[in-house]
Structure formats: C-alpha cells, structure tokens
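Contents: one structure, followed by commentary.
Sequence lines set the chain letters: A, B, ... in the order given, protein chains first and strands last, and positions in each chain run from 1.
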Amino acid sequence: MLSKHTILKLLLQSPSQKQPKINPFRHLLCNLLCTKNESPNTTESAELPNWLKFFDSQNPEENFVIPSLASWVENHKLLHPSEISCHVLGEKPDTDVDKISEILKKRHPSPDKVVQALDGCSVTVSNGLAEQMLRRFSNDWVPAFGFFTWAKAQTGYRHTPETYNAVVDILGKSKKFSLMWELVNEMYELNNEYVTLTTMSKVMRRLARGGRYDDAVETFRDLERYDVKKDAMAMHILMDVLAKENSVEHAYKVFLEFKGRVPLSSQTFNVLIHGWCKARKLEDAQKTLDEMKKHGFSPDVVTYTSFIEHYCREKDFRKVDDILKEMQEKGCKPNVVTYTIFMHALGKAKQINEALKVYEKMKSNGCLPDTSFYSSLIFILSQAGRLKDANEIFEDMKNQGVMRDVMAYNTMIASACARSQEETALKLLQQMEEDSCKPDLKTYAPLLKMSCSKKRMKLLKFLLSHMLKNDVSIEVGTYALLVRGLCKSGKLELSCSFFEEMVSKGMIPKDSTYKMLVEELERKSLAKAKEQIEMLMAQAKENEIV
DNA sequence: TTAGGGTTAG
C-alpha cells in the first residue's frame, strides 16, 4: 500500500517533457488528497499507477474530458501546485532553487568559474531541482552548463537522460556544437541507453537551425553509432527538421538517398509537400504530390491542408474554396486544423465576417473547435477591435470544456497591453497562475513593452522577477525589446545595462537595436556611455566569429 | 514524433 506522501510525490512528478506543466488531472487528485485530508483507502492506492497512466494518456486539451473537471475545479478550492509540494510534502519552499539562482545570475565568464562559485554551496541536488534550473537558464549556456557540470560531481546525484538531453539542447541552441557532441558521447559512454532518438532529434534540429544542414544529415547517417535506429520515424524527423529550418531541398535529398531503404508512407510525402509549400515552391509541391500518387498514396487531409495554407498565405481565397470543394468530392473531410488556418488567414486579411462564416461552417459540419482554434478566433477578433466578442469567446471556452492555454491567455494579455490596460493584463496573468497555465516569453513581451513605454519601472522589476520565478529564460528578442523600449522612454542607463547583460551572455544585438541606442546616447551627449556601448558591440561581434 | 500560433518598428 502506498503512503499518502508517496502518492502525492507520484502525482507531482511531471510525467514527461511533453507535459511540462502539471496535468490538470494530477493537479485535481492532489487537491482532493490534500484538502480532504483523508488517507486514501487501499483499493484506490493500488489502482493509482493505472489511474496515472490513464490521466497521462489523456490530452488535457481534448474536449470530452474537461466539463466534469471544470466543475470540480470550481467546487474545490484548488491549491497551486507549488503550494502542494511545499506544504504537504514538507519541502522547503524554493530556497535551494533561489540559492543556486543567485549564484548563477552573477555573470561568470566560463562554466568552470560557475562550478567554482557553486562549490561549497550546501544544496542537495535532486532531479527536479536540476530540471528546474536548466529550464530557468535555458537561454544561458554558461550558467546552465556550469551548473550541470557541478551537479554531476555531487555525491549521490546522477543526471537522468532528460537532464542530459536538456543540456544537449541548450548547447545546441547557443551553437556550442563541439561541446554538444562531447556531451552526447559522454552520455553514450555512461550508459548506452541514454542516447535516444529524442537526443538525436535535438542535435539534428539545432544543427539545422544553425544552417549546418549537411551536418544534420550526417548525424542521421551515423545514428547507429549511438544505437539509435535509422527507421522511418527518424527519417521523418530529419526531413521535417530540414524543411522547417528552411531547407526543404536538403529534405528532398534525404528522401532520394533513403527512399529505397526505409518504408515510405503518406507522411513522408506530406512532410515534403508541407516544406515546399512553406518555401513557396508550389511547382515542387505539385511534383511531390504526383510522386506520392505514383507510390500509391492518396492525398489526405494533411496534404490538402498544406496546400490550403499555401493559398492562404497568398491570400488567394478562391483557390482555397476550390481545394475545399475538391476535398468534398473526394470524401476527405476538413478538420479543425484546416478550418483554423482558413479562418485565421481571413481574419488577418481583415475579412472578419468571412472568417466568422468559416466558424459557422465548421460548426455546421460537426467539427468541434479546440484550444488552438479558439485562440485564433480570439486573436482575429481582438485584431478587428471586437474586444467584447473576444472576451466572450474567452469566457465561453470554460463552459465549452476547452482548456485555456498559454496562447489564449497571451492573446488576451497582448490585447489588454495594446490598449494600455495594465490592470486587466495583470489580472489575466494572475488568473493564468490560478489556472496552473505556465506563462512563456510571449506572455511577458507585451507586458514588458507596456511597462517600458509607460515608464513603470516598478512593474518592470516585478515582471522580471515573475519571469524568473516561472523559469522563463530571457533571450535575444526580449533583450532587444527592453533596450529599445527603455531607450525610447529615456531610461538610458537601464537600457545600457540590459545591452551589457545581453552581450555578456554571448548574444549579439541587432544592428538596429545598437544604432538606436548609440544615436540616443549621442543626442544626449553621453560620450562615455556611448563609447562603452560601442566597445561592447565590437566585443559581441568578435565573439561571434570565434 | 506529417498540417494551425500572431511584427519588434510609426
């Protein structure tokens, strides 16, 4: 029989990377156990692993699961997940995390220095702690890698494949490719089951994003060196990565090279067709479609939707109608993704009434809207200035049993910020927390922008600490936003300090950002500061070459 | 892990 403590621990573990935020079912069960203060009876406890499996197999965004959940949440005063883990499991609230963060936040010049700084700090590392720190510093490879190295040396602690994968990704993101490879090799030597397709997908994606397409392909060719199978799934991932990172040509080359060795499916062709469409190479997409048919595969809803997306991008809505007609003739039903793309494009093209007609058509075809669909709808409505309608849809999502995800919240927050409605925006941020919906960078961007333009420095400070608390790591775009925003509001000193922080993290400011700041310093005759910024920029560019 | 996600500009 499992103790209550063990049950809660099980519930609080994040089941997978795919669901970094706590599954609402788990959340709910935790609360039931905590608030009722009853020890669960034996049958329930024995059943728990099965229940967990069931919960995790449910997509929390699916429609059918939520109505009952929503009313549960209404009727029970839910604790925030962090409160559960702190108070019920008797763990200290966040002090270890804060302690390490304080050390990591100081700008150390190298991972070695980070290790030195961490040495002697009395913290016991756990897997949860490591995951959180790596998330928190995921755009900051020096402290992340330093922490990782330090943790590895702690007695009684061992990194999981997940933390290894996280660091592989962080290094790849910062284009520290040789360090990244060293780590992959280390993983494999440590345990030949540590390196998986998940690991290698990250490697391939990061290489491709860095423009190293051939290296990504080479990684695939060499997969078996790490005991990872070179199967259709791996090939699809590689092709998808290449196509998404702007080289569908490489994806096609991969297809040609391996099509005789790996079983093809409609997915193989769909990846390519989507890639060609995205690259606006319609003729090639068409050719691949012909090839698909030759191999005996009929175009499916994914295939058609890729073409629809292409015509939406071209704002050729007549062609979209043609394709929809063809789908109907072939008995291929559009789904919620198809409708979302079409509606969103019409909305963006300022044809809001046409967009709403798509919504009506979808409903009449018995296709249920999902979270993403509603988010899109809210977006186009607020873009069209129909705030009341947007708000209504946002409220209605709950009643329809559809979870409100980050995107829906982000849209609402951005819309409030665009209208300088500080209070509304912050209330939404708070509501998000209560909904245990984790904010991301896009949540904060409009808020940060607003606090810069309104010269609300206290709010800015609050937001930055809020971000840290939520493990949202600041990246180039956010810094650019802060530097420009503060510069425009005449907060030059602060603007400069963010510029400096950005460079110290190895990020390269955009020329436009740099120019704006320098010109402003010039205008205010702040020669010294200007010199400092020029020096930093030169330094940043130098680092880029190395 | 085949398709949907908003510009950082006045």
Please enumerate all residues that pass side chain to side chain donor-acceptor pair (under 3.5 Å) together with A:Ser376, with sequence neighbours excluded.
A:His344

How would you list, by chain and number, every residue that makes a ring pair (Phe, Tyr, Trp, His ring centres under 6.0 Å) with A:Phe498, sequence neighbours excluded?
none

In this structure, how many angstroms lie between the P atom of B:dT8 and the CG atom of A:Asn410, rounded?
12 Å

Strand contacts (DNA chain B) in residues 472-493 of chain A, 4.0 angstrom heavy-atom criterion:
none

Whole Å only: how far is the CZ atom of A:Phe307 from the P atom of B:dT2?
18 Å

Could you walk me through whether A:Lys281 and A:Glu249 satisfy the salt bridge (Lys or Arg N to Asp or Glu O under 4.0 Å) test, starting with their C-alpha distance in whole Å, then the side-chain angles of each, then the deciding distance to 0.1 Å, before giving a yes or no?
CA-CA 11 Å; A:Lys281 301 198 165 167; A:Glu249 288 80 6; 2.7 Å; yes

Rounded interatomic separation in angstrom, taking CZ from A:Phe342 and C1' from B:dA3
16 Å

With A:Asn246 via side chain to side chain donor-acceptor pair (under 3.5 Å) - residues at least two apart:
A:Lys278

Within residues 323-336 of chain A, which residues have any heavy atom lying less than 4.0 Å from an atom of DNA chain B?
A:Asn335, A:Val336

Quick one: are A:Val301 and A:Met327 in side-chain contact, heavy atoms under 4.5 Å?
yes

Taking the side chain of A:Val302 as its heavy atoms from C-beta onward, which of B:dT8, B:dG4, B:dA3 lies nearest to it?
B:dA3

What nucleic acid atoms does A:Phe373 come within less than 4.0 Å of, heavy atoms only: base, sugar-phosphate, or nothing?
base

B:dG4 C1' sits how many Å from A:Ile380 CD1, rounded?
13 Å

Heavy atoms from other residues, nucleotides or ligands near NZ of A:Lys454 exceed 12 (cutoff 6.0 Å):
yes

Kindly state each residue pair satisfying salt bridge (charged side-chain N to carboxylate O under 4.0 Å, His left out) with at least one member in residues 472-500 of chain A, sequence neighbours excluded.
none

Calculate the interatomic distance between A:Phe498 atom CZ and B:dT8 atom P; express it in whole Å.
18 Å

Of all pairs that satisfy ring-ring contact (aromatic ring centres under 6.0 Å, His included), the ones with a partner from residues 298-324 of chain A, not counting sequence neighbours:
none

At their closest point, which heavy atom of A:Ala355 faces which heavy atom of A:Ile380, and how far apart are they?
CB-CD1, 3.8 Å

Using a cut-off of strictly less than 4.0 Å between a heavy atom of the residue and any atom of DNA chain B, enumerate the qualifying residues of residues 262-286 of chain A by number.
A:Gln267, A:Asn270, A:Val271, A:His274

Under the rule for ring pair (Phe, Tyr, Trp, His ring centres under 6.0 Å), what residues qualify as partners of A:Tyr213, not counting sequence neighbours?
A:His250

Return the value, rounded to whole Å, for the distance between atom NZ of A:Lys442 and atom C1' of B:dT8.
13 Å

Using whole Å, what does the distance between atom C1' of nucleotide B:dG4 and atom CG of A:Leu346 come to?
14 Å

Under the side chain to side chain donor-acceptor pair (under 3.5 Å) test, residues paired with A:Gln286 that sit two or more places apart:
none

Tell me whether A:Ser465 contacts the main-chain N or O of A:Phe462 through its side chain, where contact means a donor paired with an acceptor under 3.5 Å.
yes

Please list, chain by chain and in numerical order, all residues satisfying ring pair (Phe, Tyr, Trp, His ring centres under 6.0 Å) with A:Tyr514, sequence neighbours excluded.
none

Mark yes when over 12 heavy atoms from residues, nucleotides or ligands other than A:Glu283 sit less than 6.0 Å from its CD; otherwise mark no.
no

To the nearest angstrom, how far is A:Leu517 atom CG from B:dT8 atom P?
20 Å

For DNA chain B, which residues in residues 231-258 of chain A have a heavy atom at a distance below 4.0 Å?
A:Met233, A:Asp240, A:Lys244

